[in-house]
Amino acid sequence: MPDFPPIYLLRHGQTVWNADGRMQGQLNSDLTDLGRVQAKRQGEILSRLHISSETEVICSPLGRAVETANLVLRGQVWPVRHDPRIMEVGVGDWEGRQRDDVVAENPEIFSGEISVYDRFLMAPNGESEAELQARTADFLTELSKPSIVISHGITISVLRGHLMGLNRDQIAALDHPQGRVIEIKDGVETIH
């Protein structure tokens, strides 16, 4: 497993589409009131962690992540770099659709227990797991100093997998917390 600097992973706050049960993928919806509270909480958590001023802040260019970054960093002087390699996985034909409708139309795909991770990677005309793995691995190769990374649920799961040397089943079993900060140092994860 490669040696990475400390990484602080933040998932964007709850969005209108999260609350409505829609699959977002690389489309966007605004943060809800709860989502804004979650983002501010992440900022409070980071301030208690006494993170070095040399830490880089990197954010997905999708609006919900950018809005989260603005709330997390309010009053801070850290510049934010946007990187498309940490956008959410593309869910192709399912983007913007109600999860329940997609499940009802695809009973053969969704029969039995299936993780959110697997569900997002099964979308027709969506991004493949190999493509997501490749772009997130490429992103991590460029990190040379501690970094705050503001991204999305499935993408953060894959980043966690790279950083901690997890196998596919372990990645698929990870949760996707909002309003929390996932700190990974030397391959060890702490959720704040």
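Both backbone and side-chain heavy atoms feed into the values below; hydrogens, waters and symmetry mates do not. A quick note: this is a predicted structure, and the numbers were derived from the prediction, not measured.
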**Report entry** Note: Asp118-Arg168 ion pair, threshold 4.0 Å (strictly below)
**Finding:**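 Here Asp118 pairs with Arg168 in a salt bridge, since their nearest N and O are under 4.0 Å apart.
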Can you list the residues that meet the side-chain hydrogen bond (donor to acceptor under 3.5 Å, both in side chains) rule with [X], with sequence neighbours excluded?
X      : result
Asp20  : Arg22
Glu54  : none
Lys185 : Glu183
Arg180 : none

Would you mind reporting whether [Y] and [X] have side-chain heavy atoms less than 4.5 Å apart?
X      : Y      : result
Met164 : Gln170 : no
Val57  : Val72  : no
His12  : Asn18  : yes
Gln178 : Gln42  : no
His152 : Arg64  : yes
Met87  : Thr155 : no

Minimum-distance pair of heavy atoms, taken over all atoms of [X] and [Y]:
X      : Y      : answer
Thr141 : Asp138 : OG1-O, 2.6 Å
Pro146 : Pro5   : N-CB, 3.7 Å
Thr32  : Ala19  : CG2-CB, 4.4 Å

Consider only side-chain heavy atoms of I, L, V, M, F, W and Y, link residues closer than 4.5 Å, and tell whether [X] and [Y] are in one cluster.
X      : Y      : answer
Val116 : Ile156 : yes
Ile7   : Ile45  : no
Val80  : Ile150 : yes
Leu159 : Leu62  : no
Val149 : Leu73  : no

How long is the span from the [atom1] atom in [X] to the [atom2] atom in [Y], to the nearest 0.5 Å?
X      : Y      : atom1 : atom2 : value
His176 : Tyr117 : NE2   : OH    : 9.0 Å
Leu9   : Ile86  : CG    : CD1   : 9.0 Å
Ser147 : Glu142 : OG    : CD    : 11.0 Å
Leu121 : Ser115 : CG    : OG    : 8.0 Å
Ile191 : Ile184 : CD1   : CD1   : 8.5 Å
Ile182 : His192 : CD1   : NE2   : 10.0 Å

Under the 3.5 angstrom rule, does the side chain of [X] hit a backbone N or O of [Y] as a donor-acceptor pair?
X      : Y      : value
Gln38  : Gly179 : no
Asp186 : Val188 : no
Arg85  : Arg135 : no

Requested in this report: Please write out which residues are connected to Val16 in a hydrophobic cluster, directly or through intermediates, given that two of Ile, Leu, Val, Met, Phe, Trp, Tyr count as joined at side-chain heavy-atom separations below 4.5 angstrom.
Outcome: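 Joined to Val16, directly or through intermediates: Trp17, Leu27.
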Query raised in the report: For Leu31, which fellow cluster members are found when Ile, Leu, Val, Met, Phe, Trp and Tyr are connected by side-chain heavy-atom distances below 4.5 angstrom, either directly or through intermediates?
Result: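 Besides Leu31, the cluster holds Leu71.
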Show every salt bridge (Lys or Arg N to Asp or Glu O under 4.0 Å) that has at least one partner inside [range], sequence neighbours left out.
range            : answer
residues 143-164 : Arg160-Asp175, Arg160-Glu189
residues 66-76   : Arg36-Glu67
residues 93-102  : Arg97-Glu105

Report task. Please list, chain by chain and in numerical order, all residues satisfying side chain to side chain contact (heavy atoms under 4.5 Å, CB included) with Ala123, sequence neighbours excluded. Result ->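 Checked Ala123 against side chain to side chain contact (heavy atoms under 4.5 Å, CB included); matches are Val91, Trp94.
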Query raised in the report: Among all residues two or more places apart in sequence or in another chain, which pass the side chain to side chain contact (heavy atoms under 4.5 Å, CB included) test with Ile51?
Result: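 For Ile51 the side chain to side chain contact (heavy atoms under 4.5 Å, CB included) partners, ignoring immediate neighbours, are Tyr8, Leu46, Leu49, Thr55, Trp78, Ile148.
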Query raised in the report: Could you walk me through whether Thr15 and Gln24 pass the side-chain hydrogen bond (donor to acceptor under 3.5 Å, both in side chains) check?
Result: CA-CA 9 Å; Thr15 69; Gln24 291 183 112; 3.0 Å; yes
Query raised in the report: Residues two or more places apart in sequence or in another chain: which of them pass salt bridge (Lys or Arg N to Asp or Glu O under 4.0 Å) with Asp169?
Result: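 Checked Asp169 against salt bridge (Lys or Arg N to Asp or Glu O under 4.0 Å); zero matches.
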Requested in this report: Take Glu88 and Ser60, measure what side-chain hydrogen bond (donor to acceptor under 3.5 Å, both in side chains) needs, and give me the verdict at the end.
Outcome: CA-CA 8 Å; Glu88 184 59 295; Ser60 159; over 6 Å; no
